[in-house]
Amino acid sequence: MPKGIDKHTLRKVTQAMKAASTSLNAEEVGMQIGASHSTARRYLEYLVSIDLVEVDIVYGSVGRPERRYKQL
């Protein structure tokens, strides 16, 4: 495991992504596993880096684009 990635938390994030029928953002994953959105995003980005999850960037009319994650 890379530094900062806990196997138990990673398992929870992976399970949340597998159970999802649609793409999720980090806040939604964080709420499901009982963690902050920044923690969820760190784990989601790790899953993206090892090609288990893909990220889609959704641009709205105002503000920052939203990153949505989907299980491959």
Side-chain angles (χ1 to χ4, degrees):
M1 288 287 148
K3 185 177 179 182
I5 301 293
D6 176 73
K7 67 180 179 180
H8 302 293
T9 305
L10 182 60
R11 186 179 316 122
K12 285 184 175 185
V13 172
T14 303
Q15 289 172 348
M17 293 305 298
K18 285 181 181 176
S21 59
T22 62
S23 63
L24 300 171
N25 64 26
E27 186 159 347
E28 292 166 335
V29 173
M31 286 183 1
Q32 285 186 22
I33 68 166
S36 69
H37 75 278
S38 58
T39 296
R41 181 161 180 191
R42 181 173 58 248
Y43 283 85
L44 288 165
E45 290 295 334
Y46 172 70
L47 291 173
V48 168
S49 74
I50 60 171
D51 296 324
L52 292 179
V53 171
E54 68 180 0
V55 65
D56 186 31
I57 299 175
V58 179
Y59 295 93
S61 59
V62 177
R64 295 184 181 164
E66 180 183 24
R67 296 175 70 84
R68 299 208 51 96
Y69 300 88
K70 185 171 77 170
Q71 183 79 31
L72 288 175

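- For Q32, there are no side chain to side chain donor-acceptor pair (under 3.5 Å) partners two or more places apart in sequence or in a different chain.
- Atom NZ of K70 is separated from atom CD of E54 by 4.5 Å, given to the nearest 0.5 angstrom.
- Under the side chain to side chain donor-acceptor pair (under 3.5 Å) criterion, T14 pairs with no residue at all, not counting sequence neighbours.
- Applying the side chain to side chain donor-acceptor pair (under 3.5 Å) test to S49 and every residue at least two apart in sequence or in another chain returns nothing.
- Connectivity analysis of hydrophobic side chains (ILVMFWY, heavy atoms under 4.5 Å, direct or indirect) links M17 to M1, I5, L10, V13, L24, V29, I33, Y43, L44, Y46, L47, V48, I50, L52, V53, V55, Y69.
- In terms of heavy-atom proximity, R42 sits nearest to G4 at NE-O, 3.5 Å.
- The two atoms that bring G30 and A40 nearest to each other are N-CB, 3.6 Å, heavy atoms only.
- L72 belongs to no hydrophobic cluster, as no Ile, Leu, Val, Met, Phe, Trp or Tyr side chain comes under 4.5 Å of its own.
- Annotation for I57: hydrophobic cluster partners, listed by chain and number, are Y59 (ILVMFWY side-chain heavy atoms under 4.5 Å, direct or chained).
- Around CD of E27, the count of heavy atoms belonging to other residues, nucleotides or ligands within 6.0 Å does not exceed 12.
- Side-chain contact between R68 and E28: present, with at least one pair of heavy atoms (C-beta onward) separated by less than 4.5 Å.
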